[in-house]
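Notes follow once the structure below has been shown.
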Amino acid sequence: MRIFSEFFGWGLFVAILIFVVFYFLQGYILHLMIKKDPVYSVAHIVKYFPRSPNDLGKLDIVMTYTFSANNINYTKNNQTLNIDTTDLDEYYVGKEIPIVYYRANPKYSKIDYYHASLKR
């Protein structure tokens with residue numbers, strides 16, 4: 001019985017470790033796929049909501065955006081953008097935001113955080 005408990009304990013530990021590593025690598029894999037053949041475009045905010053601001057006057061807005069590629073509409077949910085609280089009125093439903101997506105499969109997309117319109 002002790003061998004079974006020890007095996008189960010180590011198996012659970014390894015499974016959790018693999019899950020955590022995969023979870024953190026998921027964003028990096030998305031970055032690598034888009035980096036192969038990027039397409040820079042604009043998307044429109046469909047809905048968004050702000051989170052609570054921090055002590056530095058920054059807040060995250062969580063948004064859903066939609067864009068069109070190859071005559072097909074794609075939607076991406078729960079994308080986070082960090083902004084100043086004074087800039088909150090600049091983000092509204094229908095606003096264009098810069099995105100980058102993978103040419104071969106546009107469902108791999110993300111906000112283009114390095115675009116000049118998002119920098120201050």
Side-chain angles (χ1 to χ4, degrees):
M1 190 68 169
R2 177 185 157 117
I3 294 173
F4 178 73
S5 297
E6 191 171 312
F7 178 73
F8 181 73
W10 279 107
L12 185 63
F13 174 74
V14 170
I16 290 172
L17 185 65
I18 289 171
F19 175 76
V20 169
V21 168
F22 179 74
Y23 182 78
F24 284 114
L25 287 178
Q26 206 172 17
Y28 186 67
I29 291 169
L30 175 66
H31 172 74
L32 288 178
M33 288 193 66
I34 292 173
K35 190 177 172 182
K36 286 180 186 176
D37 192 12
V39 176
Y40 297 92
S41 184
V42 293
H44 296 278
I45 297 175
V46 176
K47 64 180 179 177
Y48 79 98
F49 65 90
R51 291 187 177 164
S52 299
N54 63 15
D55 295 336
L56 300 174
K58 300 272 190 181
L59 63 90
D60 289 335
I61 57 172
V62 181
M63 68 178 79
T64 299
Y65 65 79
T66 184
F67 67 98
S68 179
N70 304 326
N71 295 327
I72 301 173
N73 290 330
Y74 295 92
T75 301
K76 188 91 178 224
N77 296 319
N78 298 329
Q79 298 300 298
T80 305
L81 181 63
N82 189 286
I83 61 169
D84 289 332
T85 53
T86 57
D87 296 335
L88 184 58
D89 58 345
E90 294 178 15
Y91 292 89
Y92 50 87
V93 173
K95 178 180 172 52
E96 290 184 343
I97 55 167
I99 62 162
V100 60
Y101 65 86
Y102 182 41
R103 186 181 314 271
N105 192 350
K107 76 175 187 174
Y108 296 112
S109 67
K110 64 180 183 176
I111 298 172
D112 185 10
Y113 297 105
Y114 303 108
H115 192 269
S117 67
L118 296 181
K119 291 188 174 188
R120 267 192 94 139

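None of the values given here were measured: they were computed from a predicted structure. Computation of the quantities below employed the complete heavy-atom set of this structure, encompassing side-chain atoms and omitting hydrogens, waters and symmetry-equivalent molecules.
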Taking all heavy atoms of [X] and all of [Y], pick out the closest pair and write down the distance.
| X | Y | answer |
| --- | --- | --- |
| Y74 | A69 | CE1-O, 3.7 Å |
| L56 | N54 | N-OD1, 3.0 Å |
| V62 | T80 | CG2-OG1, 4.2 Å |

Distance-only donor-acceptor pairs under 3.5 Å for side chains of residues 35-42, two or more places apart:
from: D37; atom 1: OD1; to: R103; atom 2: NE; distance (Å): 3.2
from: D37; atom 1: OD2; to: R103; atom 2: NE; distance (Å): 3.1

With sequence neighbours excluded, residues passing salt bridge (charged side-chain N to carboxylate O under 4.0 Å, His left out) with K95
none
Among residues two or more places apart or on two chains, list those pairs meeting salt bridge (Lys or Arg N to Asp or Glu O under 4.0 Å) that have a residue in residues 11-30.
none
Please name all residues satisfying side chain to side chain contact (heavy atoms under 4.5 Å, CB included) with [X], sequence neighbours left out, ordered by chain then number.
| X | answer |
| --- | --- |
| I16 | L12, V20 |
| S52 | none |
| F19 | none |
| P50 | Y48, L59, I61, L88 |

Look up atom CG in D84 and atom NZ in K58, then write down how far apart they are to the nearest 0.5 Å.
4.0 Å
From I99 CD1 over to K76 NZ, what is the distance, rounded to the nearest 0.5 angstrom?
9.5 Å
Heavy-atom side-chain proximity of I83 to E90 below 4.5 angstrom
no
Under the side-chain hydrogen bond (donor to acceptor under 3.5 Å, both in side chains) test, residues paired with D60 that sit two or more places apart
N82
Qualifying residues under side-chain hydrogen bond (donor to acceptor under 3.5 Å, both in side chains), relative to H115, sequence neighbours excluded:
S117
Partner set under ring-ring contact (aromatic ring centres under 6.0 Å, His included) for F49, not counting sequence neighbours:
none
Going by ring-ring contact (aromatic ring centres under 6.0 Å, His included), name the pairs with one or both residues in residues 94-114, residues two or more places apart or in two chains.
F67-Y101
So which pairs with a foot in residues 62-72 pass side chain to side chain donor-acceptor pair (under 3.5 Å), sequence neighbours left out?
T64-N77, Y65-S109
